[in-house]
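Have a look at the structure below, then the notes.
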Amino acid sequence: MTTAAAPVAPARRGPQGVHIGRFILRRLLLAPVILLGVALAVFVVIDLSPNDPARAALGLFADAQSRAAFAAENGLDDPLLVRFVRFLGDLVRFDLGDSVVRPESVGHLVGMALPLTVQLLVLATVLAVALSLVLGIVAARTEGRWPDRAISTVAAVFQSAPQFWIGLLFIQLFAVGLGVLPSGGYQPPSAGFSFWFSSIVGPAIVLALPFAAAMTRVVRASVADELAKDYVRTAVGAGVPWRAVLLRNVLRNALITPVTVLGVHVGALMSGAILVETVFNLPGMGSLLITGVNQGDLGVVRGVAIVGAVAFVVVNLLVDLAYLALNPRSAEAAR
Amino acid sequence: MTTPVLSVANLSVRFPKRYGAIDVLDNIALDIGPGERVAVVGESGCGKSLLGLAAADLLPPTAQVTGQISFRGKDVRTMGRRERFALRGAGIGVVYQDALTSLNPGMTVGAQLRQVCRLGSSSTPERLLVDVGLTDTGRVLRAKPHQLSGGQRQRVLIALALARDPDLVIADEPTTALDVTVQAQVVALLRELQEQHHFALLFVSHDLALVSELASRTTVMYAGQVVESGPTTEILARPRHPYTAGLLAASVSLEERRETLTPIPGHVRQPGEFVAGCRFRERCGNARDDCANRPELAPDGPGRLLACFHPVAKEEETP
Ligand SMILES: Nc1ncnc2c1ncn2[C@@H]1O[C@H](COP(=O)(O)OP(=O)(O)O)[C@@H](O)[C@H]1O
Ligand SMILES: [Mg+2]
């Protein structure tokens with residue numbers, strides 16, 4: 001070979017690696033700051049609430065003296081900042097304080113409720129992602145034809161339908177009408193897989209549906225965009241089979257947008273869980289929060305809010321990292 | 001006579017949704033023998049890329065194709081799924097116009113070469129990169145396309161096209177995105193690879209000067225129609241169609257370095273605005289009233305075809 005070698009472009013690997021490292025480092029350093037802000041916000045908002053913890057603990061008819069004693073004992077009259085620092089101190093020791101209504105500590109109550117909610121959220125996310133991937137890809141490949149139209153229409157309906165309505169409809173159909181699933185209540189995994197699964201799959205589906213609908217539309221648009229790109233023709237023209245073109249070449253690029261959308265929906269999914277737990281009568285974090293609010297149990301409300309906020313921040317961090325893994329160039333852009 | 005590797009006859013392409021009943025490619029004919037180097041020349045918008053994609057059976061589904069496209073004597077469009085599939089990569093390799101968008105931005109060069117080599121290749125990703133003149137193959141294999149220079153990307157695209165030892169390589173303006181020195185290198189490379197591997201080459205370009213380096217026969221296209229074809233040296237020495245003469249006057253010849261360039265006035269119209277009859281007539285100095293009829297492509301001397309009622313006079317040297 002006598003042709004002159006192509007001039008070698010300056011190596012750009014190094015600097016890009018540095019960008020990625022810096023990006024991750026910055027996000028990791030930022031997370032505790034965000035958490036601190038979130039903790040402060042939760043603390044202040046709950047402090048501003050008109051609920052009086054002394055009254056909640058001692059009852060409506062307790063006299064002023066015992067209320068004052070309770071306040072002094074629990075440091076309720078200390079300045080806000082002092083109480084916040086004390087709260088933080090407890091928090092880093094995983095002490096969420098006491099319920100003022102129930103005998104158990106908030107940590108204990110959260111520990112009881114959290115696994116159910118996590119199972120619900122994870123199952124709903126898995127269902128939504130799987131469903132939206134399959135339907136989104138089918139719709140993209142049949143763009144403009146009937147499968148695409150059917151999928152897009154159904155997705156639009158479910159995306160805009162209120163979740164409680166879907167939940168009630170679902171209970172009516174599967175529990176009351178067909179009798180295949182329980183209408184509510186929870187069986188822990190220790191009760192056996194099928195009991196556990198049938199108690200949680202219904203709520204998970206209801207929670208997943210609007211999310212899956214939104215994601216299906218995003219996946220469809222994103223995959224259709226990607227399929228129209230020149231590099232797809234390069235792969236097809238070289239004889240790469242369709243399935244490999246789709247799974248190995250297209251999907252990775254097409255998932256960048258859906259992953260960011262996933263992050264946007266985490267909050268909606270969590271608030272959806274509160275609703276779904278109430279509709280299906282499941283003793284998770286949502287139900288704990290609702291009873292806490294109803295009983296004026298500020299300790300419980302604060303505990304649930306803090307745990308929810310921490311989970312939200314952590315999940316968003318994970319989504320950001322997933323996005324980065326799919327699209328390393330975004331680190332340069334986000335500089 | 002041996003069967004041509006590629007034989008295109010009466011090929012017309014329409015885009016009904018966008019241009020209705022207008023033939024964006026109109027009645028194209030083109031033959032390429034085994035190991036032959038043929039060029040298709042015309043300004044941008046003349047339908048050269050469409051012709052290349054049609055020949056490789058890679059037109060988008062919105063295109064409506066009529067006519068025959070035969071590969072080794074078999075009509076591509078009546079082939080079964082399997083045969084058609086075997087054609088891709090192994091029968092015909094394509095070097096696309098825009099190397100940046102034609103490579104997957106999310107996959108490394110190595111991964112893209114490997115997935116093609118796995119389908120059947122006499123070579124390896126490393127060897128292919130060396131063949132197309134890339135050094136530092138380890139780094140190139142690990143790189144994503146955006147980490148390479150334009151010339152390197154074009155070479156990678158050539159390596160991909162050659163990976164499965166095709167009988168025909170279609171190179172669609174492989175040098176337009178590159179600067180002049182790199183252009184010359186890539187053309188030299190293609191020529192060298194062709195002499196080594198003996199594949200037939202369909203070289204698409206808007207630059208007549210580049211073509212003279214490479215192709216034994218040339219087809220000149222204007223607005224989706226063939227206006228003239230024949231041996232490259234003949235066409236360059238004695239262009240017969242006024243469009244060819246205009247292209248030649250407008251081209252920077254690598255050998256002669258003409259002082260003055262005379263561009264053809266006007267530009268290629270969008271298919272929706274094609275005029276009836278000879279599509280070049282509105283820009284043509286020789287045009288008369290009869291040019292409103294379509295001139296048929298007819299023999300014009302040995303090995304040459306011409307579609308023009310008022311060609312450039314034969315004895316006249318290049319204007
Ligand atoms: N997918 C398509 N849909 C509709 N029109 C197209 C499509 N591809 C190309 N064309 C039209 O065909 C004409 C020829 O395009 P092209 O083959 O790319 O020209 P060239 O390669 O000679 O520059 C252009 O006018 C363009 O608008
Ligand atoms: Mg082109």
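Here is the naming used below: chain letters follow the sequence lines, and residue numbers restart at 1 for every chain.
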- Message: Looking only at heavy atoms and a cut-off of under 4.5 Å, which of Arg118(B), Arg164(B), Gln115(B) has the most pairs with chain A?
- Response: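 Ranked by heavy-atom pairs under 4.5 Å with chain A, first place is Gln115(B).
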- Most contacts with chain A, counted as non-hydrogen pairs under 4.5 angstrom, among Pro145(B), Gly150(B), Gly89(B), Ser102(B):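 Of the options given, most contacts go to Ser102(B).
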- Message: Counting only non-hydrogen atoms closer than 4.5 Å, does Asn253(A) touch chain B with its backbone (N, CA, C, O), its side chain (CB onward), both, or neither?
- Response: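 Contact with chain B: side chain only.
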- Message: Is Arg252(A) in contact with chain B via its backbone, its side chain, both, or neither, using a 4.5 Å heavy-atom distance?
- Response: side chain
Of all heavy-atom pairs between [X] and [Y], which one has the smallest distance, and what is that distance?
{"X": "Leu58(B)", "Y": "Arg233(A)", "result": "O-CD, 4.1 Å"}
{"X": "Tyr231(A)", "Y": "Asn104(B)", "result": "CE1-ND2, 3.4 Å"}
{"X": "Val116(B)", "Y": "Ala238(A)", "result": "CG2-CB, 3.8 Å"}

- Side chains of Lys229(A) and Thr101(B) in contact at under 4.5 Å (non-hydrogen atoms): no
- Tyr96(B) side chain near Thr234(A) side chain, heavy-atom distance below 4.5 Å: yes
- Does a sphere of radius 6.0 Å around CZ in Arg77(B) hold more than 12 heavy atoms from other residues, nucleotides or ligands, not counting ones at 6.0 Å or beyond?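 More than 12 heavy atoms, drawn from other residues, nucleotides or ligands, come within 6.0 Å of this atom.
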- When the 4.5 angstrom heavy-atom criterion is applied to Ile92(B) and chain A, the contacting part is backbone
- Interface moiety of Leu100(B) toward chain A, non-hydrogen atoms closer than 4.5 Å: neither
